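In the text below, chain A, chain B and the rest are named by the order of the sequence lines, each starting its count at 1. This one's a predicted model, so the numbers in the text were calculated from it and none came from an experiment.
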2 protein chains.
Amino acid sequence: MSEAKSAESRPYHHGDLRRALVDAARRLLEAEGPSALSLRAVAREAGVSPAAPYHHFKDKAELLDAVAQEGWEILGQQMSDAKAADQGLHQLTALGIAYVCFARDNPALYRVMYDAARDKEMLPAGMQDNKDSAYCMVRDTMIEHGADPTAEVDLELATVAAWCGAHGLAEMAGFKQFEHLKEQLGGERAFFDAVFGHMGLFPSMHGH
Amino acid sequence: MSEAKSAESRPYHHGDLRRALVDAARRLLEAEGPSALSLRAVAREAGVSPAAPYHHFKDKAELLDAVAQEGWEILGQQMSDAKAADQGLHQLTALGIAYVCFARDNPALYRVMYDAARDKEMLPAGMQDNKDSAYCMVRDTMIEHGADPTAEVDLELATVAAWCGAHGLAEMAGFKQFEHLKEQLGGERAFFDAVFGHMGLFPSMHGH
DNA sequence: AAGGTATCTTTACGGCGCTTAGATATGAAA
DNA sequence: TTTCATATCTAAGCGCCGTAAAGATACCTT
């Protein structure tokens, strides 16, 4: 657990403690898992007193919110990259794979993201409006591949259905029960592909 | 928060403290939510000392496991009931609706169930073998409706895909973002139906 | 230079999971 | 029936946690 600066060199005023705390939290999350993510541990990791974070975050939940938000942004980027880099997949499948791979590669972060969402009973606020959010990307890709943009309810339903499938798979993929399936299919990636294949992700599959 | 027996009437040896603790935990869970579910609070609710639970559970996680297990059993029963009571739905849809309704009606319990699963990185142990588990019920229903039972991998994939969809919807349904969709569709139930309609749950939809 | 404000530290409170040691009841062996 | 090992419970305490209050320190404006 390294600190941003050597302990004795840091001035009394940190400079950007808020940033440093979020970074420290992500470092801890990666290294020790979600259960090790206490406010005090984050403060320790950042080299400040246990009370210091309260000048930048109302409480622990607000710190975790900041961490979660960064997670959503990274997820959006990775999905955007996956859509751009054509891998010979249907673009919706490519998005789904990118989503699930993000969850596999950042399990602790993914958990913090949805823990925060469940607590507030909502996904990040701008999700359905921010053009480069993961959610909007799915919806836009639906349109690009033939979904009727004027059938708003139906478009939203298709997006939700795809989102549900991706999130469901992201959680299931971590369970030992399905290891044998991955092996039989010749790898995790093939497993993801196959499960998505069993879901009706594509608007063209439905008579709209 | 009532106790099982009035405090002074309880004998030194409780009789069935293990049972009482699980019940107390479920009562607390229902009343105060998952965050209020501390071992000490459960012990208080059951009217015993904070250390008493350790004679029946190795640690807090083991208590929560017991609570979660009851959750999975109840879920299995409710899905079984839903399958038996024909509501004019495709039986797989009926199972999915029952799954999602369970999560809606027992959000805290549902959360404990999956928190435990994520911690152990596996769903309850016998899930894929116990004839009346929710999971096996889905798989069997797939077969009853035309899935090829000898195509084992494909059958498993279809079951996983349906499970992913149901779990995904169960989590999304609690988010405020989708309230307007429920309203536009004329209710929660219609929303569930519509989302499932956008997923390829039925084996007959795929060319196997 | 002075004073206000933002930032950080110190200290402290109650609650938590869990451990240890001791009290009490049960039930099997003598 | 007495004995005594065992199971079950309580009491006390450890280190951790989230958070609040009050004081110290540095920065910023005037």
Side-chain angles (χ1 to χ4, degrees), chain A residues 1 3-25 28-29 31-68 108 112 115-116 119-120, chain B residues 1 3-25 28-29 31-68 108 112 115-116 119-120:
Chain A
M1 295 309 101
E3 296 154 23
K5 303 188 177 188
S6 71
E8 65 274 12
S9 81
R10 185 178 60 75
Y12 191 90
H13 279 38
H14 184 286
D16 194 356
L17 182 54
R18 185 191 163 92
R19 192 70 287 241
L21 287 168
V22 174
D23 288 344
L28 273 175
L29 204 55
E32 318 275 347
S35 65
L37 229 181
S38 70
L39 232 188
R40 294 178 102 105
V42 171
R44 265 191 311 269
E45 169 76 11
V48 294
S49 78
Y54 286 90
H55 293 270
H56 301 272
F57 301 98
K58 172 172 138 288
D59 54 17
K60 183 185 181 183
E62 205 169 275
L63 205 187
L64 294 195
D65 275 351
V67 173
V112 167
D115 280 351
D119 276 337
K120 295 186 300 193
Chain B
M1 294 310 100
E3 297 154 21
K5 302 188 177 189
S6 70
E8 66 275 11
S9 81
R10 185 179 60 76
Y12 192 89
H13 279 39
H14 183 287
D16 194 356
L17 182 54
R18 185 190 163 93
R19 192 71 288 240
L21 287 168
V22 175
D23 288 346
L28 272 176
L29 204 56
E32 318 276 348
S35 64
L37 229 183
S38 70
L39 233 185
R40 294 175 101 107
V42 172
R44 266 193 307 270
E45 169 77 11
V48 294
S49 79
Y54 287 91
H55 293 271
H56 302 271
F57 301 97
K58 172 174 138 288
D59 55 16
K60 183 185 179 183
E62 205 168 275
L63 203 187
L64 294 195
D65 274 352
V67 173
V112 167
D115 281 351
D119 276 337
K120 295 187 300 193

Exercise for review: Side chain of Val48(B) only, please: which of dT10(D), dT9(C), dT10(C) is the nearest?
Suggested key: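 Of all the options, the side chain of Val48(B) is nearest to dT10(D).
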Point to revise | Ala52(B) side chain, from C-beta outward: closest of dC9(D), dT10(C), dT19(C) | key: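 Nearest to the side chain of Ala52(B) among the choices is dC9(D).
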Among all residues two or more places apart in sequence or in another chain, which pass the side-chain hydrogen bond (donor to acceptor under 3.5 Å, both in side chains) test with [X]?
| X | answer |
| --- | --- |
| Arg19(A) | Asp23(A), Glu70(A) |
| Asp16(B) | none |
| Asp59(B) | none |

**Study point:** Neighbours of DNA chain D within residues 33-42 of chain A, by heavy-atom distance under 4.0 Å
**Key:**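 Output list: Ser38(A), Leu39(A), Arg40(A).
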Exercise for review: Could you identify which residues of residues 53-63 of chain B place a heavy atom less than 4.0 Å from some atom of DNA chain D, listed by residue number, or say none?
Suggested key: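 Of all residues in residues 53-63 of chain B, the ones placing a heavy atom under 4.0 Å from DNA chain D are His55(B), His56(B).
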Exercise for review: To the nearest 0.5 Å, tell me how far Leu21(B) CG sits from His55(B) NE2.
Suggested key: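 Spacing of CG (Leu21(B)) from NE2 (His55(B)) equals 11.5 Å.
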Exercise for review: Hey, could you give me the OG/CZ distance between Ser49(B) and Arg40(B), rounded to the nearest 0.5 Å?
Suggested key: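 If I round to the nearest 0.5 Å, the distance is 9.5 Å.
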**Study point:** Test item: Lys60(A) side-chain N/O and Leu37(A) main-chain N/O as donor-acceptor pair under 3.5 Å
**Key:**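 Yes, Lys60(A) side chain to Leu37(A) backbone: donor-acceptor pair under 3.5 Å.
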Review point. Mind checking whether Asp65(B) and Phe57(B) have side chains closer than 4.5 Å, heavy atoms only?
Key: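 SC-SC contact between Asp65(B) and Phe57(B) ruled out.
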Review point. With side chains defined as the heavy atoms from C-beta onward, is the minimum distance between Asp115(B) and Leu64(B) less than 4.5 Å?
Key: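 Not in contact.
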**Study point:** Five-pair end axes of the helix from dA1(C)-dT30(D) to dA30(C)-dT1(D), angle between them (10°)
**Key:**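 That helix has its two terminal axes inclined by roughly 0°.
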Check your understanding: For Leu17(B) and dT10(D), what is the distance between atoms CG and C1' respectively, to the nearest whole Å?
Key ->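 That distance rounds to 13 Å.
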Point to revise | Interatomic distance, Arg18(B) CZ vs dA7(D) C1' [rounded to whole Å] | key: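 Value for this atom pair: 15 Å.
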Review point. Reckon Arg44(A) has a side-chain N or O less than 4.0 Å from the OP1 or OP2 of dC16(D)?
Key: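 Indeed not, no polar side-chain atom of Arg44(A) lies that close.
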Closest contact, heavy atoms only, [X] versus [Y]:
| X | Y | result |
| --- | --- | --- |
| Val67(A) | Ala25(A) | CG2-CB, 3.7 Å |
| His56(B) | Glu62(B) | O-OE2, 4.3 Å |
| Ala43(A) | Pro53(A) | CB-CG, 4.0 Å |

